[in-house]
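Below is one structure, written out as structure tokens, with a few remarks after it.
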2 protein chains.
Amino acid sequence: MTLEDVARLANVSTITVSRALNHPDKVAKSTLERVTRAIEQTGYVPNMLAGGLASRRSRLIAALVPAMTNAVYAETIHYFSEALKTSGYQVMLGECGYTEESEHEIVTTVLSRRPDGILLTGVKHTLECRRQLMAARIPVVETWDLTTTPLDVAVGFSHERLGESVIDHFVDKGFTKFASLCASDRRARLREAVMKARLTRRGIAGLTFAAVPAPTDLRRGREGMRQLIEQGVNGAIVICSSDTLAHGAMIEAQAQGLSIPKDFAVFGFGDQSFAAETFPALSTVRIDRPEMGRRAAEALLRRIDGELLDDPVVDVGFEIIERETA
Amino acid sequence: MTLEDVARLANVSTITVSRALNHPDKVAKSTLERVTRAIEQTGYVPNMLAGGLASRRSRLIAALVPAMTNAVYAETIHYFSEALKTSGYQVMLGECGYTEESEHEIVTTVLSRRPDGILLTGVKHTLECRRQLMAARIPVVETWDLTTTPLDVAVGFSHERLGESVIDHFVDKGFTKFASLCASDRRARLREAVMKARLTRRGIAGLTFAAVPAPTDLRRGREGMRQLIEQGVNGAIVICSSDTLAHGAMIEAQAQGLSIPKDFAVFGFGDQSFAAETFPALSTVRIDRPEMGRRAAEALLRRIDGELLDDPVVDVGFEIIERETA
DNA sequence: TTGAAAGCGATACCAA
DNA sequence: TTGGTATCGCTTTCAA
């Protein structure tokens, strides 16, 4: 079934059917009715490959996240998609993994679908990838981080400021012993480096490290926690780069007969409800994921409309959630 | 940048460039080299809207799941996508919600992209939706359930058999008191009905119910568990329709000072590691999600190649995982 | 092994 | 308000 079939049935030209579909107000009411009926009768479903090719607007938005099994990204994308659906866009999701190279690979694939815009996770990309995105001449929104030099717009929060705030928070509370359980994720690593520097600055020397590969899961958390316990973490605050890791860390502690927050405290990035509900002693930093998704969508839509944003960098901030740490 | 730009630079016709890209073996080696160089120089990215339109093959597969924030679906789709990527297909993900109507809505949208195949979750669809899918003349794979009348192929497991097996398992173990914590999800409801019937058949009368809305999360689990505790579940086995619910139920029990498995036992569908790791007393039924994703991809690919499967219904089965229940 | 010409199914632009 | 015609960028078919 094509436009032509519908047109024939409604006794109009194909372009009129096209108008009835896309600009119903530009078609006479009686014609519109005939066309609508013809569409119903034929069960016509538009071909957006053809439409996109002709109009140079695919009404497709690509969204790349490291892993969709990671709930924080899934949730962000959910709200992002919802917001775009309202404006008639469909979101094409892609998994870009945890390296710039795998991201570049999928960016190329995705660009071949000629999306009208693209969402990326993070602000670091290979040079060639940046080039390709520029060449595509479509709006790009980078999320989950900030930068002074966005490809186009960025919607996220400052991992530097976050790292500092967390350290200040716990130093101010009187903690003198710190441990870091960190995944091999760029942004997590950045926070860790910042935290380390901040600790030194605040005159605290002791920082115990444990590193695990991304993506994180409970097993990794337990594994990392074992490393830390071996190094001795009594009385410390264990700062985990995701709350899945934090959750795993607490399970391991529990398994080893240690008590939280009596023996030590745990902090995790992400604030997903399950960890906090299970272990009410877990302190976290909360990122407003619905807000980030919606703001990203909004920014992208405005850019698609050719608008120039007065501030291409949107900071959605973060909030430190203090639960029982002592 | 189009094929023509590349062709001009390589001093060949557009069709030769197209061949170099899609059937490199049908092009002279020297020509192939020139074309490859030209592609690199121009930074050409194919336009699959045009390609799909001309070839009537979009190399796009649609996959619809109730919610991508639900880890069991996210995981299935992950393996499904991986398997298809190998064959040069891209997966376009969509959230179809928990009703047939919302599914139909998104099926229409998705079909306008002319996917070469589509994955659905579940086997119940509106009549009009079935019609549309038939009219699209593309392979369809229904997952997470079985049916004697698949639209095309089905890859899943029997919720009837599952419900019966679970009841038999625990009755055989000596349980006489049962409780059901069930979400408003079609397949969960089906299992609950089957379990109820089976209990009667096995001569057991007592079954306490708690119902919560889908999608499930820890809060729902706690909420449902509160309902059950009010009705008295001491000594019972609480069967939850998802392990997120089971997880929540156990948290609520813990919060109320009840002990598992001393005061009662908990069982959940899904077997996601986090629940089991946190509460090692949780018995579950495990669905092999990677296997289901891969088998679905395989079936779809064979159907796309026009193959007629001798058995259009693939049962991936399930496995009851017994942990401490008494 | 390569190319010319005719679509694929829609929309843009300009006329009527 | 409606329609004719020329694309959009690629692949198919057939011929050389």
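Sequence lines set the chain letters: A, B, ... in the order given, protein chains first and strands last, and positions in each chain run from 1.
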Among A:Gln132, A:Glu103, A:Arg130, find the residue that satisfies the side-chain hydrogen bond (donor to acceptor under 3.5 Å, both in side chains) test when tested with A:His125. A:Glu103
Check for a donor-acceptor pair, side chain of A:Thr121 on one end and backbone N or O of A:Leu64 on the other, with a separation under 3.5 Å. yes
Nearest-Å distance for atom pair CG/P, residues A:Leu49 and C:dT11: 12 Å
Contacted region of DNA chain D by chain B, from 5' end to 3' end of the hits, cut-off under 4.0 Å to heavy atoms, spans D:dG9 to D:dT12
Report, as yes or no, whether the 6.0 Å neighbourhood of atom CD on A:Glu4 holds more than 12 heavy atoms from other residues, nucleotides or ligands. no
Rounded off to whole Å, could you give me the CZ-to-C1' distance for the A:Arg8 and C:dG9 pair? 13 Å
Rounded distance (Å) that lies between atom P of C:dG9 and atom CZ of A:Arg57: 23 Å
So, A:His78 versus A:Phe80, ring centres under 6.0 angstrom or not? no
Contact under 4.0 Å: B:Thr31 side-chain N or O vs C:dT2 OP1/OP2: yes
Residue A:Thr2, side-chain heavy atoms: nucleotide from C:dG9, C:dT2, C:dT11 that is nearest: C:dG9
Output yes when a side-chain donor or acceptor of B:Glu95 lies under 3.5 Å from a complementary backbone atom of B:Met68, and no otherwise. yes
Taking atom P of C:dA10 as reference, at what distance in whole Å does atom CE of A:Met48 sit? 11 Å
Assuming nearest nucleotide by heavy-atom distance, tell me which of A:Leu32 and B:Met1 is located more 5' along DNA chain D. A:Leu32
Does B:Thr16 make a side-chain N or O approach to OP1 or OP2 of C:dG3 shorter than 4.0 Å? yes
Hey, does the side chain of B:Glu142 reach the backbone of B:Leu151 with a donor-acceptor pair shorter than 3.5 angstrom? yes
B:Ser55 side-chain N/O to B:Arg57 backbone N/O, donor-acceptor pair under 3.5 Å: yes
Of B:Ala54 and B:Arg19, the one whose closest DNA chain C nucleotide lies more 5': B:Arg19
Once you round it to whole Å, what is the distance between P of C:dG9 and CG of A:Leu21? 16 Å
Would you kindly give the CG-to-C1' distance between A:Asn47 and C:dT11, to the nearest whole Å? 12 Å
First of B:Ala50 and B:Ser30 reached from the 5' end of DNA chain C, by closest nucleotide: B:Ser30
Starting from P on C:dA16, measure out to CD1 on A:Ile15 and report it in whole angstrom. 17 Å
Report the distance from atom CG of B:Asn22 to atom P of C:dT2, rounded to the nearest whole Å. 15 Å
Touch check for A:Arg56, heavy atoms < 4.0 angstrom, all strands: base, sugar-phosphate only, or nothing? sugar-phosphate
